Amino acid sequence: MNLPYAEPYKTKMVEYIRPSTIQERKRWIKEADYNLFNLSSDKVFIDLLTDSGTGAMSDKQWAEMMVGDESYAGSQSYLKLKETVKRITGFEHFLPTHQGRAAENVLFSVLVHKCDIVPGNSHFDTTKGHIEFRKASVVDCTIDEAFDTTTYHPFKGNVCLNKLEDVLSRNTKDRIPFVIVTITCNSAGGQPVSMENIKVVSGLCKKYKIPLLIDAARFAENAYFIKTREAGYENKSIKTIVKEFFSYTDGMTMSAKKDGLVNMGGFIALNNEDVYKKATVYNIMFEGFKTYGGLNGRDMGALAVGLDEATEFDYLHSRIKQVAFLGEQLVEYGVPVQQPFGGHAIFLDANKFVPNIPRDEYRAQALAIQLYIIGGIRGVEIGTILADRDPFTHKNRYPELELVRLAVPRRTYSLNHMRYVAAVIKAIYDTRSKAKRGYRIIDEAPIMRHFTVKLEKIKQEAVTI
Ligand code: F0G
């Protein structure tokens, strides 16, 4: 019998969210310098800015919070988490950190040096930031299919082997500290990486004697896609798939705010003892002692439970289906979105949605602002503002895609909220021909400018969008 899916949980507590008017929101976004990060959350109706740390914890996770062990050294919650990480990932060594970028900071302090090159699949911005901050650079080796939002490819996060081999063969081994593969690939639209791809990438890395690391923020969602799209995995459990995937690699950095199902947390897990020892020193310097790394004992306990819950099929099925529901509604309305849908988010293709807004007027940002004004929905620009300037020429680097990401927090919004979001976007899409001008930057930070950038609206004859 083909029954519809339903969430494998029910609501125990609710949090009220306040609707507002278009007039109010026009004022608020101007006061926020047209940067959605500057809005206070009470001015947002549906918050799809990120799926990071914004989900709901389960009653079992909250119960674990109550028995958290806050000992400075050797906390029982740490031991619980350490055991869970080993069981789920298979890696020997583990260091907690306060979030994903902290894991990057600690590990890259050991591994990345000036003039190094780090190949990968569309590195996330903090990953790229931590590499470039060390005067090293990244090379994007994502497959070309990832940059066409309309072609179907089941694993658009895959690494292109030719591109990777090109980088590996042209550079000496000591210039490439590691290859990093992000699962799912956030910057390419929440797209998964296949088991077959990681196996071959692993083989290539071994051939050139270069370690392979995983940016594992959404590793469980990636495993769901392997189970549902890749031949041979349909009957394997998520936990088995996860273990096999990591077995082809040497280590991982993790933002536990995604597939750890917690509001704050991260960790490093790896096999190389020497790197672990060196990273421990940086962890103690930057994060805290090696048995808490910037986390409360209770947070580590909740994370241990979260990792187990996130790697259960029923949870993942309802999660991914909810995101796909939003995508399907938009496709039905003819709205250009990245396909297939990402695991954690739907990405609007601003190049197709508002092609009349010049690229140097930040068309994806203009679209994100309009979503907020019309519906109180907060998404985020994944386009030229995020891509930032070239570290050497200081000029804008225009990425192939201009996207607005609508990231869906885990276990938080209902299908009805998704229906509302789709209806707002449809209303904007129906009037898109009026959109001709965008925004100009009036203030930007030297690195990771999107968080603090200030913009002003470029005057136009007609109304924006
Ligand atoms: N790697 C990936 C793939 C991410 O998506 C993120 C964060 C990080 C690393 C950094 O982790 O935030 O815990 O320090 N992504 C968030 C997002 C911010 O909205 O996609 P963090």
Side-chain angles (χ1 to χ4, degrees), residues 7 9 11 13-22 24-57 99-100 125 186 189-190 217-218 221 255-265 318-320 322-327 329-330 337 341-348 350 364-383 385-386 403-428 450-453:
E7 289 74 12
Y9 51 82
T11 309
M13 188 189 277
V14 294
E15 174 184 344
Y16 275 93
I17 47 178
R18 180 170 99 74
S20 48
T21 65
I22 291 184
E24 282 175 318
R25 293 192 293 263
K26 273 189 180 163
R27 182 158 50 82
W28 292 336
I29 191 66
K30 187 164 188 246
E31 286 165 6
D33 295 308
Y34 296 101
N35 182 342
L36 294 146
F37 285 98
N38 285 341
L39 288 169
S40 69
S41 60
D42 60 340
K43 297 183 170 62
V44 177
F45 185 47
I46 311 267
D47 205 347
L48 306 182
L49 180 75
T50 179
D51 62 322
S52 181
T54 50
M57 290 209 297
Q99 63 182 97
D125 55 333
N186 190 0
R218 299 177 182 85
E221 292 171 5
S255 168
K257 302 170 72 172
K258 286 84 169 172
D259 280 351
L261 296 179
V262 288
N263 304 114
M264 191 54 71
S318 83
R319 152 83 178 147
I320 306 275
Q322 186 187 43
V323 175
F325 175 83
L326 174 59
Q329 290 262 293
L330 291 172
V337 294
F341 309 130
H344 65 296
I346 295 299
F347 292 73
L348 304 178
Q365 178 71 8
L367 180 55
I369 291 168
Q370 199 64 2
L371 244 65
Y372 172 69
I373 291 173
I374 302 299
I377 300 159
R378 174 156 71 170
V380 71
E381 190 252 25
I382 309 262
I385 295 180
L386 180 77
L403 304 169
V404 175
R405 185 184 75 171
L406 305 170
V408 183
R410 296 167 179 79
R411 307 191 290 206
T412 303
Y413 290 111
S414 68
L415 278 193
N416 220 19
H417 287 123
M418 297 300 116
R419 263 187 214 107
Y420 169 84
V421 172
V424 169
I425 295 168
K426 179 183 186 306
I428 298 171
H450 59 289
F451 289 120
T452 52
V453 71

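In this text the structure is predicted, and so the values were computed from the model without any measurement.
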According to side-chain contact (heavy atoms from CB on, under 4.5 Å), who are the partners of Val262, at least two apart in sequence or on a separate chain?
Met57, Gln61, Ala256, Ala302, Leu303

Residues forming a side-chain contact (heavy atoms from CB on, under 4.5 Å) with Ala350, sequence neighbours excluded:
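Listed in chain order: Val354, Arg363, Ala364, Leu367, Glu402.
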
Tell me every residue that passes salt bridge (charged side-chain N to carboxylate O under 4.0 Å, His left out) with [X], counting only those two or more places apart in sequence or in another chain.
| X | answer |
| --- | --- |
| Arg25 | none |
| Glu7 | none |
| Lys30 | none |

Taking all non-hydrogen atoms of both residues into account, name the closest pair between [X] and [Y] and its distance.
| X | Y | answer |
| --- | --- | --- |
| Phe347 | Leu403 | CD2-CD1, 3.7 Å |
| Asn35 | Phe37 | OD1-N, 2.9 Å |
| Ala368 | Leu36 | CB-CD1, 3.6 Å |
| Asn186 | His344 | OD1-NE2, 3.2 Å |
| Leu48 | Pro409 | CD2-CD, 3.9 Å |
| Leu330 | Leu348 | CD1-CD2, 4.0 Å |

Which residues pass the ring-ring contact (aromatic ring centres under 6.0 Å, His included) test with Tyr9, not counting sequence neighbours?
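Partners of Tyr9 under the ring-ring contact (aromatic ring centres under 6.0 Å, His included) test: none.
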
Point-to-point distance, once rounded to the nearest 0.5 Å, from [atom1] of [X] to [atom2] of [Y]:
| X | Y | atom1 | atom2 | value |
| --- | --- | --- | --- | --- |
| Ile385 | Gln365 | CD1 | CD | 4.0 Å |
| Ile425 | Ile374 | CD1 | CD1 | 12.0 Å |
| Ile377 | Tyr420 | CD1 | OH | 5.5 Å |
| Arg405 | Thr50 | CZ | OG1 | 5.0 Å |
| Asp125 | Phe451 | CG | CZ | 5.5 Å |

Can you tell me which residue pairs pass the salt bridge (Lys or Arg N to Asp or Glu O under 4.0 Å) test with a partner in residues 408-417, sequence neighbours excluded?
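Those involving residues 408-417 are Asp51-Arg410, Glu221-Arg410, Asp259-Arg410, Glu309-Arg411.
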
Residue list, side-chain hydrogen bond (donor to acceptor under 3.5 Å, both in side chains) with [X], at least two apart or on another chain:
| X | answer |
| --- | --- |
| Ser318 | none |
| Ser52 | Lys258 |
| Arg419 | Asn416 |
| Asp33 | none |

Between Ile29 and Ile373, is the side chain to side chain contact (heavy atoms under 4.5 Å, CB included) condition met? List the steps.
CA-CA 8 Å; Ile29 191 66; Ile373 291 173; 4.0 Å; yes

Sequence neighbours excluded, every pair satisfying side-chain hydrogen bond (donor to acceptor under 3.5 Å, both in side chains) that has a member inside residues 372-383
Asp47-Arg378

